[in-house]
Amino acid sequence: MTNLESYPPHLRHLSHHQPPVPAPEDDGGNSTKFLESLPIIDLQNLNHDKNKLDEACKHWGLFRLVNHGIPPTLLTQLHDQAKQVFSLPFETKQSSCDGNPINYFCGSSALTPSGATITTKLHNTNLFEGFGIHSTQLSLFQHQLPVFESLRALLVEYGNHTSRIATTLFEAVLKNLDFDQELSKSYITDNTGLFRVYRYPHCSNSDAGLGLAVHTDSSALTILNQEDEVSGLEVLRDDQWLTVKPISNTLIVNIGDLVQAISNDRYKSVLHRVKVNKDRVSITYFMYTGEDVKVESSKYRPFTSNEYLAQIEQDIKAVGHKIGLSRFKLITVDN
Ligand SMILES: O=C(O)CCC(=O)C(=O)O
Ligand SMILES: [Fe+2]
């Protein structure tokens with residue numbers, strides 16, 4: 001039973017929509033094409049999977065991670081607790097984040113360098129709500145509401161894992177790119193992480209809009225934890241939108257813009273979006289390079305992750321959408 005008061009007002013009408021009764025063998029135009037043969041990377045066996053990782057980053061921009069070492073019970077608890085928090089009344093969620101480092105958002109997903117959400121009339125409205133928090137802020141406060149406090153405590157535990165996983169993967173990626181140890185160290189030390197916990201509403205009308213608009217991630221790497229059995233994430237592959245199947249106890253890892261730049265465009269930051277269908281909760285962890293570390297590339301002028309996010313904020317405010325890496329592209333003159 002949908003708890004309507006828990007939704008932001010602009011999402012409440014979605015669950016009222018009565019889909020036309022589908023004819024036999026008609027799925028209501030909502031056909032799901034799954035992404036087949038997504039590369040699978042084993043975190044415990046990265047040395048052996050070195051070439052597979054390189055191919056995945058080069059040709060796919062994402063992969064499925066197995067053997068990541070996160071206890072299955074933690075993943076289940078995290079989703080259950082997130083659902084409890086989302087089922088609070090909308091106003092409670094909004095007001096209980098005031099003055100806290102946890103930030104509640106709906107409609108817009110773009111971030112300022114400080115992790116706040118950019119809201120502008122020009123920006124796309126996404127059919128979702130969510131919470132965002134920097135991993136460094138998680139252990140610095142306690143929330144008054146017990147349901148939030150339990151979610152926060154689980155995120156602290158989860159964050160130890162995602163930070164370990166992201167660092168290990170980033171090291172492997174840089175090794176594959178033949179970076180020397182010194183340069184690798186400068187990217188990896190002080191890397192920072194941001195959590196986002198989303199709820200997408202139940203909505204059977206495929207014309208209602210997207211849960212999350214088409215985008216690439218502005219991170220170095222993103223670790224996505226999808227809810228079991230509830231799909232929604234789609235990636236663009238060979239001009240087709242394909243669904244990334246949720247599989248228990250596996251994580252999805254995306255290459256973000258920062259790694260695309262660091263790799264001189266060898267690796268690609270994959271275009272993706274989220275479709276709405278069933279009520280769905282997902283949790284992302286974005287890993288950024290350290291605040292003061294310049295991303296160096298033969299294709300782009302040097303920039304820090306904060307400069308990158310600040311440029312995105314400026315562009316969203318000015319033109320309504322992220323322009324991204326092309327803002328920093330070096331112009332090459334052929335002669
Ligand atoms: O919810 C999802 O499946 C994907 C979220 C996402 O793409 C993002 O947070 O950038
Ligand atoms: Fe994303």
Side-chain angles (χ1 to χ4, degrees), residues 11 32 34-35 38 60-65 75 78-79 82-83 86 103-112 115-118 123-135 155 158-159 162 166 193-203 209-237 241-248 250-260 267-288 305 308-309 312-313 316 321-322 324-325:
L11 299 183
T32 304
F34 285 103
L35 178 64
L38 179 64
W60 294 74
L62 85 163
F63 52 87
R64 192 180 297 283
L65 190 71
L75 296 176
L78 201 51
H79 278 277
K83 282 182 195 167
F86 282 121
N103 143 45
Y104 175 75
F105 55 84
C106 49
S108 165
S109 67
L111 292 169
T112 67
T117 307
I118 303 167
H123 196 51
N124 281 332
T125 298
N126 301 288
L127 304 178
F128 71 12
E129 60 176 329
F131 296 97
I133 184 158
H134 273 290
S135 55
L155 280 175
Y158 180 63
T162 48
L194 175 84
F195 288 105
R196 287 194 137 194
V197 185
Y198 300 97
R199 176 169 76 164
Y200 303 92
H202 163 85
C203 176
L210 285 168
L212 186 45
V214 178
H215 66 284
T216 59
D217 289 346
S218 310
S219 54
L221 294 174
T222 303
I223 298 176
L224 170 69
N225 176 354
Q226 300 198 81
E227 190 178 351
D228 287 356
E229 316 280 330
V230 193
S231 57
L233 174 69
E234 294 187 336
V235 294
L236 190 64
R237 189 153 173 82
W241 286 106
L242 299 170
T243 300
V244 181
K245 202 176 190 157
I247 298 182
S248 275
T250 69
L251 300 167
I252 296 296
V253 179
N254 292 3
I255 297 298
D257 300 345
L258 301 179
V259 162
Q260 177 169 331
Y267 296 160
K268 63 171 180 193
S269 183
V270 67
L271 269 178
H272 56 288
R273 67 182 191 183
V274 178
K275 287 276 279 269
V276 281
N277 184 7
K278 289 188 197 161
D279 210 87
R280 173 174 183 264
V281 168
S282 69
I283 300 160
T284 42
Y285 175 82
F286 298 105
M287 187 193 74
Y288 295 95
S305 58
Y308 189 57
L309 294 175
I312 291 170
E313 178 180 8
I316 288 176
H321 57 86
K322 164 179 164 179
L325 277 181

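For ligands, and for the atoms within them, numbers begin at 1 and follow the listed sequence. The basis for the numbers below is simple: all heavy atoms, side chains too, and nothing from hydrogens, waters or symmetry mates.
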Note on the Fe ion (ligand 2): protein N/O/S atoms within less than 2.8 Å are H215 NE2, D217 OD1, H272 NE2
Is there a side chain to side chain contact (heavy atoms under 4.5 Å, CB included) between N254 and L224 once you walk through the steps?
-> CA-CA 8 Å; N254 292 3; L224 170 69; 5.6 Å; no
d(Y158 OH, F195 CZ) to nearest 0.5 Å is 7.0 Å
Rounded to the nearest 0.5 Å, the CD atom of Q226 sits from the CG atom of L233 at a distance of 5.0 Å
*Within the side chain of R64, is there an N or O that forms a donor-acceptor pair under 3.5 Å with the backbone of K245?*
yes
Task: Partner residues of K83 under the side-chain contact (heavy atoms from CB on, under 4.5 Å) criterion, sequence neighbours left out - done: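 side-chain contact (heavy atoms from CB on, under 4.5 Å) list for K83, sorted by chain: E227, V281.
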Does T243 have any side-chain contact (heavy atoms from CB on, under 4.5 Å) partners at least two apart in sequence or in another chain, and if so, which?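 Once residues adjacent in sequence are excluded, the partners of T243 under the side-chain contact (heavy atoms from CB on, under 4.5 Å) criterion are T32, F34, S231, E234.
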Problem set entry | Parallel, tilted or perpendicular: rings of Y288 and F286 (30°, 60°) | tilted
In terms of ring plane angle, is the pair Y198 and F105 parallel, tilted or perpendicular, where the classes change at 30° and 60°?
-> perpendicular
All heavy atoms of S269 vs all of D217, minimum pair found to be OG-O, 3.6 Å
Q: Sort out the contact shell of ligand 1: every protein residue with a heavy-atom distance below 4.0 Å, listed by chain and number.
A: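 Contacting ligand 1 under 4.0 Å are Y198, Y200, L212, H215, D217, L224, L233, H272, V274, R280, S282, T284, F286.
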